[in-house]
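Here is how names work: the chains are called A, B, and so on, in the same order as the sequence lines, proteins then strands, and each is numbered from 1.
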Amino acid sequence: MRTHQQKYKAIFFLILTAIGAVSCTKDFDKINTNPEASAQIQPSFVFTKSQYDGAKNNLNLLLGTMQYTTSFNDVAGFGSKYISSQSEQSSAVFNAGYYQEINELALVITAVAPNPEQVNMLAAARIWRAYCYSRITDLYGDIPYFQAAKGYTDASYKPTYDAQQAIYADLLKELDEAALSFNTTKPTFAAADLIYSGNIVQWKKFAYSLMLRLGMRMTKVDAGLAETWVKKAIAGGVITADADIAKINYLSAGQDINKNPISLKLYNDDYIKADGTTNTEGGKYQEYFITQLKTNKDPRLGIFSVVYVNKVPDTTAALQKGMPATFGSRPADFVTYSEPNLKTVVAIGAAKIIIGAAETNFLLAEAVLRGWYNGATASVLYENGVRSAFKQWAIISPTDGIISDLQINTYIKYHPLITTGTVEDQKKQIFTEFWKAVFPDAQEAFSSYRRTGYPALVPNNYVGNATNGQIFRRMLYPLSEQNLNKEGLAAAVARQGPDTFLTRIWWDKL
Amino acid sequence: MLLFGSSIFPGYAQVIASNTVHLNKSNRIQLPSENRTGLKLAVEAIKKQFKINIAYKEGILENKSIPTAQVENLVFTDPYEALKQTLNGTALDFSKISESQYIITEITSGNLFADVIKGKITSGTDNLPLIGATVYIKGTKIGSSTDANGMFALTVPENMKGKPLTLTIASVGFTAQERVITDFSAPLNIKLEESSNKLSEVVVTALGIKRDTKSLGYALTEVKGSEFTQARENNLANALTGKVAGVNASGLSTGPGGSSRVIIRGNGSFNGNNQPLYVVNGMPIDNSVPGGSATTNGLGNNVDRGDGISSINPDDIESITVLKGGTAAALYGSRASNGVILITTKKGKMQKGVGIEYNTTFTLEKAINDNDYQYEYGQGLNGVKPMTQADAIATGRLSFGAKIDGSDYVAADGLTHSYSAQKDNIKNFYSTGTNFTNTIAFTGGNEGTTYRLSISDLDSKGIIETTKFKRQTANLNINAKISNKLRVEGLAQYNLERGFNRTLAGDALGNPNWTPYEVANTVDVRWLAPGFDASGNQTPWNDAPIATNGYFVKNKYQENDTKNRFIGQGSITYDVVKNFSLKGVLSRDFYNYNYTFVLPTGDLYIPNGQYSGIKSDVSETNALLTGNYKTRIKDKFGISVLGGVNSRRFENKQLNMDGLTFTIPYFYSYSNLATSTTTPRTERIRTNSIFGSADFDYNNLLFLTYTARNDWFSTLSPEDNSILYQSVGGSFVLSDAVKLPSSIDMLRLRGSWAQVGGGAADPYKINLTYSNVPSSGQPLQNVTLNPATLTNDITNRLLKPYTSTTYEGGMELKMFKGRLGLDLTYYNRKTTNDILNAAISPTSGYNNVILNVGELSNKGVEALFTGTPVSTSAFSWNVSYNVSYNKSEVIKLVEGTNTFQVANSVGNWGYINQTVGSSYGTIVGTRMLRNAQGQIVYDAATKRPVKTGLEELGDGVPPLTMGLSNDFRYKNFNLNLLVDGKFGNKVFSVKEVYATRLGLLKSTLPGRESGLALSGVDQAGNAFNATIPVNELRAYYNDMRNYSELFVHDGSFIKLRQVILSYNIPVNDIKMLKLQSASISFVARNLLTLYKKTDNFDPESSFTNGNAQGFESIGLPRTRTFGLNLMVKF
C-alpha cells in the first residue's frame, strides 16, 4: 500500500500548493495598479489644464442674448429667442465648471499649499480659482462654494449652496490675500502658466483687475462695499497697458483643447463650411450688433464680419447686414447676412482675452464718474479703453486684426466721451463701448449689461419664449441638481427666489 | 411474484464489492446452521450481503435447498461468485444485468436457448442504448432487463411457447410500449420515446456536476438545446424569452448581431453587471460588449456591438441549465450572484462510423409598423403646406401644415407631389431582412475516444440592407479515456464574427430610424433617397442637420467590426482511488476586436467627418482544480464531498482611437484626420478562490448540501479583499417518506439559504490616479477618468466585498403518472454593501463616487405548471406555463441620499433613478402641475402648464413575466406555440416626444383649425383661459417635451413569440438515403402582439443591455421572423 500512501501524499501536497497559490494576494497591488495612469499629481500640468478649462467654460448662447449673433434654428437660437423648451442649455457652465477647472484647482491647491516654496503657485491658483468661480456665480447667483470640490478630500457629495454675497466676500478676500502673498524669490509655474508664464508682477495686476471687476459688480447692491474694493484694486495696480492683458494663446492645429474654445465652437457649430449658406446651426451675426458697428463706422466691422459673395468672404462694410432674431426658418436670402470672420473671430489659433486693458480702463472711467478715482479723467480713460479695444484685435489675430492708429484716432475723434452729458449718458457711452470691446466674451457683456443696463438692447418677444419677452437676468440651475442635491438647491431657491430666468441675483438687485 | 429491491442506489454495489476485497471470517455469509439451507433463504442472504437486487419468478426457489456446508465454507468475493456457487447443482441459472441487478431463471430441460427472445432497446431521441429497461410478458410477472449495451434476453416459459406474446417494454423517463411477438427467433429492435414528464431526471449543476433533481434544495430549469435550433435567434440568450420562470430575457432593437439582456430574479446590483454568469462546460466565458453598452442618450458611434453570449452557436448546445438561486450558483462565486446559465455543449458519441448532422435555417424578417400617427394635417407650419423646396426642407419633419387634401405641394426633393397621407414609410424604408444558418456536425468515436466537430455559418442581413452580420463557428470537442483511471477532454471553439453598419441608437445623429419615424406625414420617405448629392454630400430634408437623412446613414455612414474569438478548454480527470477523483481544467476565452466607425465627409452636422476606432484584446482565463469523493455509510447515508481551487484572470488591453475632420475629404483612414487621439486602456483583474461542498443524503429521502467559498479580489482594498460565504440547501421527498394518495407520483419540499460575496467588477477603484490629457502644447493632467463613462469618479480606499443573500423555499409535485406537474418557489434575495457607482452633484468636483453602501431587495415567486391533457400514441398535447413575480425595493443608498440617477434620456426629458423605497430602476420626470381639483395650473405669462419637479412616473423593469408553451404532436407532426408576456412596467418614449413636437401624434390635433383653447387656473389660483393661435401651435406642442408624464406608457404586453410546425420525415420509407432521422419545420418568431398598451412603439424597444431600462429612443422597429428549418441526421 506504499504506493497509495505516496500517491495520497503527492495529492495532498498538490492541493496544498494550489490552495497556497490561490490565497496568495501579494501581487494584487500590482494587478490593481493602472499602468496607464500616474499615482502622483503634477500640479503644474493640472494647473495648465485648469486654465484651458476655465477659459473654455463659456455660455456661448449669451452671444445671442447679447445680440451679437442669432440663428433661425430654435435650438441654436435659444440665446436670442429664450425659447422655453431649450431652457436647460443655460445650465452648461454650472455643469461643466466644478468637475473641471474648479476641481482641478482644488487638486493643485491641495498639492502646493503645504509647501512654502510653492507660494507663488498657490497664489496663482487662488487667483485663477476666484476668476473661475466668479464666472459661475455671475450666471447663477447662489452656488456651492465653500464646500464645493471637496468630494474626494472631505466626502462632501452634496455641498450646500452659498449666498452670492458670502461668495463675493470670499472671492475678494482670496484675491487680496493671494496678491499679497507673491514672493519674487520663489519659483512659479513658469511655462505651465499659459497666461503670464509665471510673471508675478502681471499676476498681481490680474488679481487687482479682477478685484476691480468684482468690486464694480456690487455698485447696485452695496455701493459702499464696491467703493472699498474698487479703491483697493486701483491702489494695488490694475492692467492698463496692452502688454499686461490677461490672455491665453492657442494653436491653430492639434488637439482641440489647445484651440481657442469660442472660435472652435463657432466654427464647428456653424461656419465650418465657410460658404455663408450651409451653416450647420443656421447662425449669423445679429442685426443689432452689425447695425451698431456699421452706423458708427466702427473699423472693427471689417475685422469681425464677412458676407459670402459667390462663396468668397467679403468684408466690404456696405455689404454687412445682421440677421433679425425673429426668424423661425431659413430665410431665402440667408447667404446675404454677415457672419463671423474666419480669420479673426473664428480663428482657431486666436488668443482669448481673459481680462483686457479695455475693460479696466472703462471701469476706471466709471470710477472717476463715481468719484472713487482721480488718477485720470473719465474721457482719457474712456479713450484708453476704446484704443485698447481696437488694439487688442492685433493681439488676438496679429495678421488680420490690425487696426491702424489713424483708424483708431478717427474713431475716437468722432466718438469722444461726451462729458457734458449726464453721468448716466456717459455710462451709456462707456458701457456700450464695453459691450463691443469684450466681444466675443458674451458672458462678461451679460454681467455688465445687467449691472449697467447698457447697451440698450431691445428684447426679442419670440413665440414660446420662457421669459415673457424679457432678457435673462440669470441662468437656470441644472435639472440634475434636483436629483443630486435637492436640499441644497431648495435652500438656494428659498433664499434667492425661484429658479427662473427673471429672478435677480444678489448683485443685480433693482 | 417477481421481486425487486426497494430502491436502487447507483454506485452502491461497487462500494460493497470493494469492501469485500479482504474478506475475513466476519464477512462470511451467515446462514442458519442446518444441514441444508433453503435456497430462497440463501438468495435473500446474498441479496442483503451485497446490497443487490435479484429478480426471480415467484415459486422457482420454493422447495429447493443446498447443503449448508457447501455454502458455509465458501468465501464469496462478489455476488456473481456467490450466486454461481449457490445455484450450482440446482436447475436454475442466473444472469447479471448490472452491478446491482441479477436475475435468476429456470433452466428448462431440452430447450435451453431456443425460446429466448433477444433484442435491443434504444432511446428514440438519440439512438443510445437504454440500460436497465425492463421487458415483461404482458399479464405475467415474467421479464428481463437490459444490460449496458441495451441488450436483453427473455426466456419464454414452456407453456407460452408457440403462441403470440405481447411484451411490455418500459424504462424510467420513457413512454412504455407494447409489442406483439410471433417470431421468437427474430431479434427485436425497440425504440422508446422519451416521455415529457420525467419523474426523476439528472441535471447538470454547478461545475458540471450531474445531480438528480430531487436532491436539489433550489429551483433550477433545464432547457434542451433542440429548443434553440429551429426557430432560432442569432443571440441565444434572446431565445430564453418566456421559457423559464424567473428569467427576464429580452433582445434589443439593434439588428442582427445585437446583444441581449437577461435578468434572473430581478436586478441585484445598482450599477454592477446584473446579468448572469455564462458558463460553457463548467468554465465561465466573457459576456462583455466591446467598448461598452450603448447609452441612453449617446450621439455618433453609440452602437450595440454585440455581447459575448451571441457567439455561441445554438446547434452546439446539448442543454442549457439556468441556476437561479444563490445555492445553485454559490460554487461559482461572486459573478454568480445574478444566477448562472450553464451551457453544456454536444459531445461525441460512441458509434459505428461517423454520424453527420446537418441543420439549415432560412428566415425572413419584416419590420413591424407601430406608428399610430395623425394623417389629417400634413407637412408644413402654421397650417400652411410648403410650396417651395426651401419651405419643404424647413418643415421636413413638421406636420403642422394644411388639411391633407391631395392637392399639389413641393417636398424636400424639390418636386411637386400630392399632399396625401403616407402611411407606409416603415414598409418603404426598411427592406426584408434575412438570416441563413447552416451547421454541419460530425460525431463519432469508440470506447476510448469520442469526438464532435461542428462548423457553422450564419449570414444575416438586417432590415436596413447595408446592415450585415456574419458569424462562422467551428467547435471541436474530444473526449478520451486514456486508461480506466484517466480521462481527458478538450474543447476548442473558434469564432469569426463580422458586423457591418450596425444601427446607431440613442440621439438623432446617425440614427437611420429617425427619418422614417419622424418625417412629415405627407412625405414618402423614398423621396429622400439616396440621401446624397453628386459629390457625396448629404441632401437636407429638415431644418435640423443633427437629424441625419436616414438614406445618407444607410449609404454613407460606415461601421465595421471584427471579432476573432477563441474559447479553449482542456481537462484531465484522474480517479486516484475508487470514489476519489481529481480534475484539473484550464480554460481561456480570448478575443481580439477591431471596430471602426466613420461619420463621413459631407454630413450636414459634422461636415468634415469623424472617426472612432476600438482595438481590444480581451481574455478570461480560469484554472480550476477539484477533488471529488463519494461514499456511503451503512446503506442509508450517502456522502459526496468536493473541494477545489480556482484562479481567474481577466485582461482587457484596449486602444481607443478618435478623431475629427478628414483632411482629404471622403478618404476614411485614421491617418487622414486633422485632430486625433489614441487612448490606451488596460484592465486587469484577478480573483483567487477556494471552495468546497458536501452533499449528504439519507435513504434517498432527505438531501442536504453545504457549500463554502472564499474569494480574494484584486479589485478591492488590500485590507479587505477577501470574503468567505456559505450556503446550505435541503430537499425532502415527502412522497417517499409517507404514503400519499396514489394519484401523487412525487411530492418534495426544498429550501435553501445562500450567500455570495462579490468584488468590484472594475479595477482601479481604490486609489485616485492622474492621467495625462492629450495636448499639442504644454503637458496637461487631470484625475484619471472612468474609461467607460469618461467621468471623474471618487475612488474608495476602503472598498470591500458586497454580499448577496438568498433564501428560497419551494415544492415540486408530480401527479397522475407524470401528466400534471407543479413547481413553486418563493425567494428572497438581498444585496448588501453593494458597490455603488453613485452619481453625485458635480459641484462636489466629481461625477460619481464609489461606495459600499447600497442595499437592494428582490422578493418573488415563481411557478411552473406542466401538464399533458392528451396522450395517445397518435396525438399528444403538452402544456407548460411559467409565471414569476419579482418585487424589487431599494432599501438603502448613500447616507443622507434618497435617490441617485442611473441614466437620462436625450434632452433630459426623462431619467432612470434608484430611489429608496421604490422599485429598482424607476422612471422619473416632470408632470403638469395640477391643483387639488385636478385642474392644470398655467403660467399666465407663457401660457404653458407649470411643470412639477421630478416625480416618479413608473417602474422601468416589469415585475411580472410569464410564458405559455403548448406542444401538439399528431403522428409525425409537431406544433409548438409559445406565448409570453411581461407586465407592470412603464416605458418613456423619446420617439413620442419628437412625434409630439413635430405634430405627428394624434394628441397634437386639437387647435389646428382655430387655435387651442386652454383652461385651468393660474398660479394665483384664479381661473385661466387662453387660446394658443394656430401660428403658435408648433411652439406649444414643442414645449410638451417639458412634461415627461405625457410620454410614459404602460409597457405590458403579450406576444405570440414562437410558432414551430415540424414534420418528422419517416426516414425508414427512404432507406436508400441511410438517414437516421430528418425533420422539416416552419418556424416563426414574434409573429403577433396579442396585447399592448403603447400606441406608437413596441414595448420591447430597448437599445442598450445596460442597467438603464425604461427608455425607448427610436431604435430599429421590431421584426416578425419566419422561415424554414431542415434537420437531417445520417
(Q) Can you list everything that forms a ring pair (Phe, Tyr, Trp, His ring centres under 6.0 Å) with A:Tyr52? Sequence neighbours excluded, please. (A) A:Tyr250
Q: Answer yes or no: is there a donor N or O on one side and an acceptor on the other, between the side chain of A:Glu481 and the main chain of B:Ser841, under 3.5 Å?
A: no
**Q.** A:Asp53 versus chain B, the contacting section by heavy-atom distance below 4.5 Å
**A.** neither
Q. Checking heavy atoms, do the side chain of B:Ala941, its backbone, both or neither come under 4.5 Å from chain A?
A. both
(Q) When you compare the side chains of A:Asn258 and B:Ser775, does any donor N or O come within less than 3.5 Å of an acceptor on the partner? (A) yes
Q) Which bit of A:Gln42 is near chain B, if near means a heavy-atom gap under 4.5 Å: side chain, backbone, both or neither? A) both
Q) Contact part of A:Leu194 toward chain B, heavy-atom cut-off under 4.5 Å: side chain, backbone, both or neither? A) side chain
Q. Which residue pairs pass the side chain to side chain donor-acceptor pair (under 3.5 Å) test with at least one member in residues 150-159 of chain A, sequence neighbours excluded?
A. none
(Q) Is A:Leu251 close to chain B through its backbone or its side chain, or both, or neither, when contacts mean heavy atoms under 4.5 Å? (A) side chain
**Q.** chain B contact via A:Asp256 - which portion, at a heavy-atom distance below 4.5 Å
**A.** both
Q) Tell me, side chain or backbone of A:Asn73 under 4.5 Å from chain B's heavy atoms, or both, or neither? A) side chain
Q) For A:Ile41, is it the side chain, the backbone, both, or neither that has a heavy atom closer than 4.5 Å to a heavy atom of chain B? A) both
Q. Quick one: what part of A:Phe94 sits under 4.5 Å from any heavy atom of chain B, side chain, backbone, both or neither?
A. side chain
Q) Under 3.5 Å, is there a donor-acceptor pair linking the side chains of A:Glu36 and B:Ser771? A) no
Q | Under 4.5 Å from any heavy atom of chain B - which part of A:Asn32 | A | both
Q.
Less than 4.5 Å to any heavy atom of chain B: does that hold for the side chain of A:Gln40, its backbone, both, or neither?
A. backbone
Q: Decide whether A:Lys259 and B:Thr675 meet the rule of one side-chain donor and one side-chain acceptor closer than 3.5 Å.
A: yes
